[in-house]
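Below: the structure, in structure tokens.
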There are 2 protein chains.
Amino acid sequence: MAEGSSPSDGLLFLTDEQLRKGIEAMFFAYRGFTSDPDRILEGMDYGRAHHRAVHFIHRSPGTTVGNLLSILGVTKQSLNRVLRTLFDDGLVEARVGKADKRERHLFLTDKGAALERMLSDAQRARMRSAYRAAGPQAVQGFRTVLEAMMDPELRRQYQGLKENGQ
Amino acid sequence: MAEGSSPSDGLLFLTDEQLRKGIEAMFFAYRGFTSDPDRILEGMDYGRAHHRAVHFIHRSPGTTVGNLLSILGVTKQSLNRVLRTLFDDGLVEARVGKADKRERHLFLTDKGAALERMLSDAQRARMRSAYRAAGPQAVQGFRTVLEAMMDPELRRQYQGLKENGQ
DNA sequence: TTGGAATGTCAACAACGCTGACGTAAGTTG
DNA sequence: CAACTTACGTCAGCGTTGTTGACATTCCAA
């Protein structure tokens with residue numbers, strides 16, 4: 001039992017202990033991932049939910065409420081509460097759809113775009129430094145594993161964003 | 001401007017667009033990451049906070065309340081609410097410290113261990129399938145980037161867990 | 001015209017963060 | 001021993017963000 005005691009020795013990275021470390025890495029990394037925007041938003045009347053809305057409206061200008069709902073995976077009541085404050089504060093603007101007048105297309109105002117920039121600058125700074133420290137090959141692996149971890153439905157959403165992402 | 005239009009051509013993985021994709025990958029992957037345990041816990045009177053407590057008590061049996069507080073990064077009031085229900089339901093047990101009687105050392109009961117297993121089996125299954133699909137090299141990169149993304153303080157916690165991790 | 005889709009809104013509630021304040025037991029130090 | 005500090009518990013109150021359920025409006029489509 002010197003070596004080769006496991007089924008097929010290239011599979012040591014699939015041991016429960018390795019998987020557990022991956023789980024904990026996700027937990028701690030996600031904390032870091034959200035901490036910079038959270039810090040910026042605290043004190044303003046906004047939170048993580050506002051950040052997400054602003055992010056995806058920036059990402060896909062003109063997206064509809066329903067589309068945003070399916071990306072964010074929350075109820076319309078929950079999203080609506082967030083959108084209302086963003087309208088009221090003049091960060092987001094809704095234009096009635098041309099083709100389908102029931103739809104409301106969402107856009108950031110200049111003020112909204114300014115907030116989005118502040119938030120995403122902070123978040124990108126952390127990603128950039130992590131990416132730089134890890135190197136391109138690690139980044140490739142990072143993205144591969146994350147994609148494999150998504151629910152198929154969410155993966156489609158994610159990949160959909162990629163394409164129309166400018 | 002055919003190729004080589006960027007400062008130093010190995011750095012294309014640091015463009016804003018690449019970073020944005022990484023950010024979105026974290027967002028969607030984390031949703032998948034938490035969804036299986038969430039599904040199991042819904043209906044029981046527990047939530048994500050209970051899962052985290054149970055996870056780290058399993059991981060470091062005999063850990064103290066204070067230690068758990070620093071790992072989870074929440075207030076004692078918040079943690080206490082969670083621990084109380086776990087005590088009441090007989091999932092977690094506290095033993096007064098021998099050396100320092102102010103400390104309470106936390107352990108899972110059999111019932112608690114059973115819940116932990118159910119939750120971590122589900123979560124590991126997802127990780128395992130993602131790891132398998134991505135391959136060992138990608139997994140290596142995944143872990144490297146996540147570690148680089150953590151706050152230094154949290155990274156120490158994470159690495160501390162690694163060592164005493166069985 | 002009738003049904004369903006897209007959206008808004010009111011009300012109530014739950015989970016889980018937070019702060020502030022107070023209490024108690026037990027170590028530690030002067 | 002007295003005084004301070006640490007580890008923990010607890011009460012009360014509050015904020016964000018998620019949930020259901022119910023109801024209204026507008027408008028596309030069959």
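So that the names make sense, note that chain A is the first sequence line, chain B the second, and so on, each numbered from 1.
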Comparing A:Gln77 with A:Asp100, nearest DNA chain C nucleotide closer to 5' gives the residue A:Asp100
(message) Students often get this wrong, so: under 4.0 angstrom with heavy atoms, is A:Arg81 touching a base, only sugar-phosphate, or nothing?
(response) base
(Q) Over all strands shown, is A:Ala94 touching base, sugar-phosphate only, or nothing at heavy-atom distances under 4.0 angstrom? (A) nothing
Mind calculating the distance between [atom1] ([X]) and [atom2] ([N]) to the nearest angstrom?
X: B:Lys101; N: D:dT6; atom1: NZ; atom2: P; value: 21 Å
X: B:Asn67; N: D:dC8; atom1: CG; atom2: P; value: 9 Å
X: B:Arg48; N: C:dA15; atom1: CZ; atom2: P; value: 14 Å
X: B:Arg102; N: C:dG23; atom1: CZ; atom2: C1'; value: 16 Å
X: B:Met44; N: C:dC16; atom1: CE; atom2: P; value: 13 Å

Exercise for review: Check whether NZ of the Lys or CZ of the Arg A:Arg126 lies under 6.0 Å from the centre of the six-membered ring of A:Phe33 and within 45 degrees of that ring's axis.
Suggested key: no
Quick one: is the NZ or CZ of B:Arg155 closer than 6.0 Å to the six-membered ring centre of A:Phe28, and within 45° of its axis?
-> no
Nucleotide nearest [X] (side chain, heavy atoms from C-beta), chosen from [options]:
X: A:Val74; options: C:dC16, D:dG18, C:dT7; result: D:dG18
X: A:Asn80; options: C:dT9, C:dC16, D:dA7; result: C:dT9
X: B:Lys76; options: D:dC8, C:dT7, C:dC18; result: D:dC8

Aromatic ring proximity B:Phe142/A:Phe13, centre distance under 6.0 Å:
no
Can you see if the side chain of [X] gets near the phosphate of [N] - specifically, an N or O under 4.0 Å from OP1 or OP2?
X: B:Ser78; N: C:dC16; answer: no
X: B:His50; N: C:dA15; answer: no
X: A:Thr75; N: D:dG18; answer: no

Shared hydrophobic cluster, A:Met150 / A:Ile23 (ILVMFWY, side-chain heavy atoms < 4.5 Å): yes
